[in-house]
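For reference, the structure is listed below as structure tokens.
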2 protein chains.
Amino acid sequence: MSTPTPGHRDRRRVHHEATRREILDAAWANARENGLAGLSLRALARTVGMEPQSLYTYFHSKNALYDALFAEAYAELLSRQRAAAHPDPQVAFTRIAHAFVHYCTEDPVRYLLLFQRTVPGFTPGPDGMRSAVEVLDLVRDILARLGIGDPEALDVLTAVLGGIAAQQTANEPGGRRWTGLTDRAVTMFLREFAPDR
Amino acid sequence: MSTPTPGHRDRRRVHHEATRREILDAAWANARENGLAGLSLRALARTVGMEPQSLYTYFHSKNALYDALFAEAYAELLSRQRAAAHPDPQVAFTRIAHAFVHYCTEDPVRYLLLFQRTVPGFTPGPDGMRSAVEVLDLVRDILARLGIGDPEALDVLTAVLGGIAAQQTANEPGGRRWTGLTDRAVTMFLREFAPDR
DNA sequence: GTCTATAATCTGATAGAC
DNA sequence: GTCTATCAGATTATAGAC
């Protein structure tokens, strides 16, 4: 019969996922090479050994591909932030700050996709948005554990850490001139916003 | 004779400059509409009422056009920074900070061109670079007048102010959520870096 | 799921007439 | 300095055979 057994479906699904993974990896590589907006489905297909049209089996549009990249990048950031957890809030805060800056600067293209509106027609979908909100909630929690409830503090913090990442990425990719200032920025921030010191 | 009189040359030069100006203005508008990397010579030519090929009389390549945009944007930033001068260094510093943040956020595309490496093949030429260095020198001078000689201070400052602009531009273009924190960021910065207080 | 074929359109850039 | 004509590609996306 033409109805596949469950075994068939599983193997097919596994293969589908693997190919999808391969395409996403190649997409990151292509974007790093040619710029985020310069990502081309043709070149992408060639590196995975496919005809360009076959990509549409896995992503029904170029924006859907950007969307998948956005979502997986934010999910990865979230898991890095969680891995930076620590019982001492002060230590946790420093670790989170470093994890964030490191994550942003280790891949400039990923940074642009997540934090700069640089792809003309693209707006992230609900999956990516969810992770983005979770990342922010996590940071808010740490601040609360440090006795910092001021909502302005969170905005200043994202500006400072994002600014370090942005400067490093734009002016000296791969270097340490700005990322090396993270500890200093953290003390500066705490001196301004942490209570009683 | 075929040699034009000085009068001819002048009129021709004036007309050339005017057309060039018109093209640059249209280029900014086009970039704001379609994204910086999405700037198209065809569309640009159409809005100035020209055939696309005629643009090459004024800019010998697309990168040369980007270059001109970059240079004029940095020159404008420099003149704004100079306009923010003030005998009291403390006041001058605050004014410079606000001028910078305001300049960055009033045109997101211009911000991306100047401070984010977002156009794949583009590297700014010597004209733009000169203005960029001058802007930085001006800020360094103000810091020196505040008694801040630490070179790390300048890098932290560009990160903080650039970060405010980046967050505002990416997350709430046209709003005041981050730019409204400029004064607070300035005090935070001075508390960390200014001597004896 | 992958292919061929192709639509429909865009891209930056050059040569040469006027 | 502007035009016509054109090159030599690129782009995303769809239809339909196998």
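Just so it is clear, the values below take in all heavy atoms, side chains as well, and ignore hydrogens, waters and symmetry mates. Letters A, B, ... mirror the listed sequences (proteins, then strands); counts begin at 1.
The distance from atom NE2 of B:H15 to atom C1' of D:dT2 is 11 Å, rounded to the nearest whole Å. Regarding B:Y66, its OH atom lies at a distance of 12 Å from the C1' atom of C:dT11, rounded to whole Å. In this structure, A:F59 atom CZ and C:dG1 atom C1' are separated by 15 Å, rounded to whole Å. B:H60 places its NE2 atom 10 Å from the P atom of C:dA13, with the value rounded to the nearest Å. Atoms CD (B:E51) and P (C:dG12) sit 15 Å apart, rounded to a whole Å. The distance from atom CZ of A:R46 to atom C1' of D:dG9 is 13 Å, rounded to the nearest whole Å. The nearest whole Å value for the distance from the CD atom in B:E17 to the P atom in D:dG1 is 10 Å. Atoms CG (B:L55) and P (D:dT2) sit 10 Å apart, rounded to a whole Å.
The side chain of B:Y56 contributes no N or O atom lying less than 4.0 Å from OP1 or OP2 of C:dA15. Dashed line: the shortest gap from a side-chain N or O of A:R42 to OP1 or OP2 of D:dT11 is under 4.0 Å.
Using bins of under 30°, 30° to 60° and over 60° for the plane-to-plane angle, the ring pair B:F122/B:Y66 lands in the tilted bin.
Counting only distance, with no hydrogens or angles, the side chain of A:Q167 and the backbone of B:A159 share no donor-acceptor pair below 3.5 Å.
Among the heavy atoms of the strands, none lies under 4.0 Å from A:T19. Counting non-hydrogen atoms under 4.0 angstrom, A:L39 reaches the backbone sugars and phosphates but no base.
One finds a salt bridge joining B:D25 and B:R21 here, because a Lys/Arg side-chain nitrogen approaches an Asp/Glu carboxylate oxygen to under 4.0 Å.
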Side chains of residues 36-51 of chain B: which donor-acceptor partners sit under 3.5 Å, not counting sequence neighbours?
{"unit_1": "B:S40", "atom_1": "OG", "unit_2": "B:R42", "atom_2": "N", "d": "3.3"}
{"unit_1": "B:S40", "atom_1": "OG", "unit_2": "B:A43", "atom_2": "N", "d": "3.0"}
{"unit_1": "B:T47", "atom_1": "OG1", "unit_2": "B:L44", "atom_2": "O", "d": "3.0"}

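In terms of position along DNA chain D, the nucleotide closest to A:S40 lies nearer the 5' end than the nucleotide closest to the other residue of the pair A:S40 and A:Q53.
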For B:F189 and B:L143, run side chain to side chain contact (heavy atoms under 4.5 Å, CB included): C-alpha distance rounded to whole Å, both residues' side-chain angles, the deciding distance at 0.1 Å, then the answer. CA-CA 11 Å; B:F189 172 81; B:L143 289 181; 3.8 Å; yes
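Looking at the side chain of A:K62, the nearest of the listed nucleotides D:dT12, D:dC3, C:dT4 is D:dT12.
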